[in-house]
Each structure stands twice: as C-alpha cells, then as structure tokens.
Chemist: 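This is the structure I want to talk about, given as structure tokens.
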Amino acid sequence: MLSVRDAADIIFNLVQPLDPQQDTEVVDLFAANGRILATPVTSPLDFPHWDNSAMDGYAVRYEDVHNASTEQPVNLEIVEEIPAGYQPKLTLQPGQAARIFTGAVIPQGADTVVMQEMTHREDHRVLILTTPQLGEFVRRKASYYQAGTQLLPAGIKLTAAEIAVLAASQCPQIRVYRRPRVAIFSTGDELVTVNQPLQPGQIVDSNQYALAALVQQNGAEAILLGIVKDNPEALQQTIKQAITNADIVISSGGVSVGDYDYVDKILDGLGAKIHIRAVAMRPGKPLTVATFSNFYSPVPSPQSPIYFGLPGNPAAVLVTFWRFVQPVIQKLGGIAEGGKPEFMKVRSRDELRSDGKRETYIWGRLHLIDGVYEFHKAGGSHSSGNLINLAQTNALAVLPVDTTLIPPGEKVDILLSQVMSHTT
Ligand code: AMP
Ligand code: MG
C-alpha cells in the first residue's frame, strides 16, 4: 500500500497554483486579511519619506558639537521648534540648533540629533553635554525602503503586518488570488442534517460542518452540496455537479470496500483518473484521489478539478484533511512556498501506541509548559469513530511505520493544524 509520504507527493504534484493573471480579484485593503497577494507591490514612496528624528532632542550640526562634554558643553542657539508633521523653514547655520521631536523632519543643515537627556536648556539656548556620533538618531530618507523597488512579493498571505505596509504605501485596493472553490458533500444513508430528528441507526452529518470550517480556515470558499444517499445515480449527479463548479471536491464516506461504497466505481464511470485508492495510515486508509481532465469547468482554473474521497469517520476526515487536502488548497490558492505541512519534534506527556503497521496519527493538543511545547494526547477513546474527543485538537502526533511505542517524556513528530511559516 502507498506510504503517506508517497501519497502526499503524488497529491501535491497534481495541483497547479491559480493563474496570477486570470484567477485574481481586486479587494479593498480592509477586506484583504488572509488573502494571498497575486502581484508584487512596489511603492512610489521612500521609507522614511524624509530624514526624520528618532528621538526627542535637538537637531544639530555634528561639526559644532564633535568636542562637546559635560565639562565643556557646547552652547547653541535654538532657532526653530519642529514638532512631528511640521515642515522646517530654516537652514541651521554654525552655532545653531533646532528643538525636534520623534518623527519630525530634520532641518536643512542639521545632520545629527542629540537626545534631550544629554542637553540642558536655557531659554533660547541649549547646552550639548555629550559628543554624539555623526548621524546619530537620524532616520535617513529611503533607508528602510527605496521607492520603485519591490515592497511585497506575490504569493504571500496578507495579515496585519503586510496590511499595515500596504496602507502606509497608500494602496487602498490590492489584487489577490480569488478564493479556491471547494465543493463538499457527505455520503451515507445513515446521515441526517443537524435539525432533523434522529431515528434509530441514524447519525448527524458532522463532516459537512467540519470540512466547511477547515476549508474556510484555509482561505477557500466552501460550496455545500449536502447529504447524498448511498445511491449510484444520486452520487453520480452530485459528483458531476461538483466537478463543474469547483477547483477541489471533497466527499466524505463511501470510499471503503463496503457494499454501499460506490464512489470509486462512479469516478471510474465518469472517466476520472484515479491516482490513489488507499494509503498506509491510521486513521484514513481508504482515501480516493482523482482528477478529471475530461470536464470543462466554467470557473477559470489552470487545471482539472481534484477529487478527494475521504473516509467517513470524523477523525479520519480531520487527519486526511490536514495531511493531504490543506497543502493542496494552499498551493492552489497561490501561496508561493506551496504550503507543505510542517512537522516539529516535541516531548509527549503521554504514552503513545500504534500497531506499527501503518503510519499512525494520534490527536491531541500542544501545551506550552515553561516555555516548551509538550504534546498531550486527547483523553477518551481513540477509535476513529469517536469525534467527541477531537474537540480542542490542535496537533497530531505521528508514529511512523514500525514504531509501536513512544514512552511518556520521549519526543514525537507533530503535525500542526496550520503551516506556521506563512500563517499568523
Ligand atoms: P464510510 O466511510 O461511509 O464507511 O463511513 C465510516 C464511518 O463514518 C461510519 O461509521 C459512518 O457512520 C461515519 N460517517 C460517515 N459519514 C459521516 C458524516 N458525514 N458525518 C459523521 N460521520 C460520518
Ligand atoms: Mg458510508
């Protein structure tokens, strides 16, 4: 059976990023949070826009003060007061200083700022009590960023810091990739919606909700297609509808080898290319991944839709989404580094066990203990049918094939819920 790593590589290579010319839209900066920048941004402004002071103090000519000390202060005439936002009028002449405040424009003639703690004011004069360095406390025009050079590259996620940079650069609107469109449906005769009364043998379709949240968290648009019965015609109809409207289709249930698991057969019938039918992992073994090169999508997309048939078990849905689907949404959505999952090694508080036959994912939570992350396995049953103890999961411990035991206190690989290097 296919290893998780091989499956992940196959899946990752099936996807192409959205087209930076066609698959974009312009959004207001206030609506840009979490979006992926589609074109590099340059600014016609220098940063700082002008030479300005990093301190409250006095703008001086270095030449005048290069021998100043407490014993032999230099006495300068204050010719102007320059608060922030004010345009200086005068050019400093020898023997002159200007009172200046943080962020205010350095006057002509001055090249250095002496912080006020190193001065003594006497009416219209100031005593300079120290020798500053040439250029000290002057933030030079264009020293942070030079007008016309690249300010932000394409393919980064916009969060608070980037949005502040764009605002400061006077970009009220920006071009971002459109959101990937992800169609979601659940299969199973036993499923009812959250507001239907439960009959014996039935369960609520929780996967639809979980998947919608996961999809939205990844910056994509969730297209909800509801519950589909274990009925080949109904399934075929829904799959057809899904692949003509979305970049990615996610179904849950119906992909194992039960008598009512039709998904693979229908995909075959629709001419899909099935790349994966099962992966050596627990939970998540029955996993179908297919592409449709024969279907035209009205949504401009650089590629044919990708179909993920996830197992029905809620734990398997979470694990396979994090491991396989999330990287695809990120890469398709235009993230430049692609969005491959990131692992870290942390100590496990609890004993972790596996049969060693398949790569095993154990859900739990990272806790920060005295500044060090520690994995705490979720309490309760780790049956893949149990969704109750999935609550509060923010990390998965990964036991490779042939590892049957991680004793308490030992290190274990952790898959995080989010890719930290491009998420804040
Ligand atoms: P399946 O993959 O269809 O054999 O389903 C495996 C298990 O997951 C069964 O116990 C189902 O009842 C359960 N299951 C399937 N679909 C869902 C769903 N949408 N929400 C919650 N549980 C589900
Ligand atoms: Mg089923």
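Numbers here simply count residues along the sequence, with the first being 1. When a ligand or atom number is given, it counts from 1 through the structure's own listing order.
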Chemist: Return the option from Gly254, Pro311, Gly312 holding the heavy atom at the smallest distance from atom 5 (O) of ligand 1.
Modeler: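 Nearest option to atom 5 (O) of ligand 1, by heavy atoms: Gly312.
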Chemist: Would you say ligand 1 has an N or O under 3.5 Å from any N or O of Ile203?
Modeler: no
Chemist: Tell me whether the guanidinium CZ or amine NZ of Lys273 lies under 6.0 angstrom from the six-membered ring centre of Phe292 and within 45° of its axis.
Modeler: no
Chemist: Looking at Leu166 and Leu158, what are the two nearest heavy atoms and their distance?
Modeler: CD1-CD2, 4.0 Å
Chemist: Considering only non-hydrogen protein atoms, determine which one is nearest to atom 4 (O) of ligand 1 and report residue, atom name and distance to 0.1 Å.
Modeler: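 Ranking protein heavy atoms by distance from atom 4 (O) of ligand 1, first comes Ser256 OG, 3.5 Å.
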Chemist: Under 4.0 Å from a heavy atom of Glu190: which atoms of ligand 1 are those, numbered in the order shown and with their elements?
Modeler: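 By the 4.0 Å cutoff, the relevant atoms are 11 (C), 12 (O), 15 (C).
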Chemist: Side-chain contact test, heavy atoms from C-beta onward, threshold under 4.5 Å: evaluate it for Pro305 versus Ile248 and give yes or no.
Modeler: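 Heavy-atom side-chain distance check fails, nothing below 4.5 Å.
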Chemist: Side chains of Glu162 and Thr159: any donor to acceptor distance under 3.5 Å?
Modeler: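 Distance-only check passes for Thr159 and Glu162.
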Chemist: May I ask whether Ser252 has any heavy atom positioned less than 4.0 angstrom from an atom of ligand 1?
Modeler: yes
Chemist: Check ligand 1 against Ser206 and write out every atom of the ligand that is under 4.0 Å from a heavy-atom position of the residue.
Modeler: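 So the answer, numbered in order with elements, is 20 (N), 21 (C).
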Chemist: Taking non-hydrogen atoms only, is Ile227 closer than 4.0 angstrom to ligand 1 via side chain, backbone, both or neither?
Modeler: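 It is neither part, as no heavy atom is under 4.0 Å.
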Chemist: Which ligand 1 atoms, with their elements, are less than 4.0 angstrom from a heavy-atom of Gly253?
Modeler: 1 (P), 2 (O), 3 (O)
Chemist: Decide yes or no for Tyr177 and Thr39: does some side-chain heavy atom of the first lie under 4.5 Å from some side-chain heavy atom of the second?
Modeler: no
Chemist: Short N/O distance, under 3.5 Å, between Leu191 and ligand 1?
Modeler: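 So ligand 1 has no N or O lying under 3.5 Å from an N or O of Leu191.
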Chemist: Provide the number and element of each atom of ligand 1 under 4.0 Å from a heavy atom of Ser186.
Modeler: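 Answer for ligand 1: 19 (N).
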Chemist: Considering non-hydrogen atoms of the protein only, which is the closest contact for atom 10 (O) of ligand 1, and what is the distance?
Modeler: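 The answer is Asn313 OD1, 4.1 Å.
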Chemist: Would you check the N or O atoms of Gln208, main chain and side chain alike, for any that come under 3.5 Å of an N or O of ligand 1?
Modeler: no
Chemist: Taking Asp264 first and then Arg277, would you say they form a salt bridge - that is, a charged N and a carboxylate O separated by under 4.0 Å?
Modeler: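 Result for this pair is yes, salt bridge flagged.
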Chemist: Mind checking whether Pro286 contacts ligand 1 via backbone (N, CA, C, O), side chain (CB onward), both or neither, at a 4.0 Å heavy-atom cut-off?
Modeler: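 Answer for Pro286: neither.
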Chemist: Determine all donor-acceptor pairs shorter than 3.5 Å in which one atom belongs to a side chain in residues 215-229; sequence neighbours excluded.
Modeler:
| unit_1 | atom_1 | unit_2 | atom_2 | d |
| --- | --- | --- | --- | --- |
| Asn218 | OD1 | Gln330 | NE2 | 2.6 |
| Asn218 | ND2 | Leu214 | O | 2.8 |
| Asn218 | ND2 | Gln326 | OE1 | 3.1 |

Chemist: Where is the nearest protein heavy atom to atom 17 (C) of ligand 1: which residue, which atom, and how far?
Modeler: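 Protein heavy atom with the smallest distance to atom 17 (C) of ligand 1: Asn207 ND2, 3.2 Å.
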Chemist: Whether Arg99 and Asp56 form a salt bridge (side-chain N of Lys/Arg under 4.0 Å from carboxylate O of Asp/Glu) is what I want to check.
Modeler: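 No salt bridge links Asp56 with Arg99.
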Chemist: If you count the atoms of ligand 1 from 1 in the order shown, which ones are under 4.0 Å from a heavy atom of Asp205?
Modeler: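 Those of ligand 1 that fall under 4.0 Å from Asp205 are 18 (C), 19 (N), 20 (N).
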Chemist: Check contact between Val204 and ligand 1, using heavy atoms of the residue and a distance below 4.0 angstrom.
Modeler: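 A heavy atom of Val204 does come that close to ligand 1.
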Chemist: Could you pull out every donor-acceptor pair under 3.5 Å between side chains of residues 357-368 and any protein atom, sequence neighbours left out?
Modeler:
| unit_1 | atom_1 | unit_2 | atom_2 | d |
| --- | --- | --- | --- | --- |
| Arg358 | NH1 | Met281 | O | 2.9 |
| Glu359 | OE2 | Tyr361 | OH | 2.5 |
| Thr360 | OG1 | Ser354 | OG | 3.0 |
| Thr360 | OG1 | Arg358 | O | 2.9 |
| Tyr361 | OH | Arg323 | NE | 3.1 |
| Trp363 | NE1 | Asn389 | OD1 | 2.9 |
| Arg365 | NH1 | Gln392 | O | 2.7 |

Chemist: Return yes if some donor-acceptor pair links the side-chain N/O of Ser169 with the main-chain N/O of Cys171 below 3.5 Å, else return no.
Modeler: no
